[in-house]
Amino acid sequence: IGNDLAVLITVNQGTLTAYDYSTIPNPVQLSFSDMVGQPTWIGNDIMQVKVVMRADINVGRLIEMPKGLQGTPGIVLTSEASSPSFYKYKSLFQGKFYVQSMRHIGNFRSSDGASWVTVMNCVPLGNPNG
């Protein structure tokens with residue numbers, strides 16, 4: 001992590017927290033089944049990922065994207081030659097990202113899993129300022 005980093009100040013559950021990124025926190029490992037759709041770039045070095053609603057991730061935390069292919073029994077995996085179906089079982093993003101901002105979206109009238117999500121904007125490990 002470079003020396004030109006700013007301090008990030010957030011409020012989490014009534015507690016004021018300041019992050020200076022002088023230490024790298026332990027990452028929260030995401031699994032492929034946590035994700036709702038694929039992550040995408042929304043700006044320069046800003047990735048947005050939508051996951052099932054999570055209470056264990058805060059702004060300033062480090063997340064690690066799912067590694068490799070999903071290994072769930074019963075999933076029929078295809079080869080890279082049969083793209084694009086090959087990519088349905090693998091995250092397009094790999095590595096670790098800092099959570100820069102996040103929001104929870106819930107619709108109490110809906111039983112659809114996509115209506116109860118956490119949307120996170122993240123930056124790569126080497127660039128926590130975005």
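- At least one side-chain heavy atom of Cys122 sits less than 4.5 Å from a side-chain heavy atom of Val99.
- Tracing side-chain contacts under 4.5 Å through hydrophobic residues (I, L, V, M, F, W, Y), one never reaches Val117 starting from Met35; they form parts of separate clusters.
- Under the 4.5 Å side-chain heavy-atom criterion for Ile, Leu, Val, Met, Phe, Trp and Tyr, Phe32 and Val51 are members of the same hydrophobic cluster.
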* To do: Would you check, one step at a time, whether the test side chain to side chain donor-acceptor pair (under 3.5 Å) holds for Thr15 with Thr17?
  => CA-CA 6 Å; Thr15 302; Thr17 308; 5.9 Å; no
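- Annotation: Asn26, atom CG; neighbour count of heavy atoms from other residues, nucleotides and ligands within 6.0 Å does not exceed 12.
- Residue Ser101 is tested with Val119, Asn121, Ile46 for a side-chain contact (heavy atoms from CB on, under 4.5 Å); the sole match is Asn121.
- Residues Trp41 and Leu30 share a hydrophobic cluster, clusters being chains of Ile/Leu/Val/Met/Phe/Trp/Tyr side chains in contact below 4.5 Å.
- Only one option out of Met120, Met65, Gln48 pairs with Pro39 in a side-chain contact (heavy atoms from CB on, under 4.5 Å); it is Met65.
- Leu62 and Val49 fall within a single hydrophobic cluster, where Ile, Leu, Val, Met, Phe, Trp and Tyr are joined by side-chain heavy atoms under 4.5 Å apart, directly or via other members.
- Residue Val59 is grouped with residue Ile63 when hydrophobic side chains (ILVMFWY) are merged at heavy-atom distances under 4.5 angstrom, including chains of intermediate members.
- At a threshold of 4.5 Å between non-hydrogen side-chain atoms, the residues Asp56 and Val28 count as touching.
- A donor-acceptor contact shorter than 3.5 Å is absent between the side chain of Ser115 and the backbone of Asn107.
- Closest of all the heavy-atom pairs between Pro27 and Glu64 is CG-OE1, 3.8 Å.
- By the 4.5 Å heavy-atom criterion applied to side chains, Lys50 and Ile105 are not counted as neighbours.
- Smallest separation of non-hydrogen atoms from Arg54 and His104: O-CE1, 3.1 Å.
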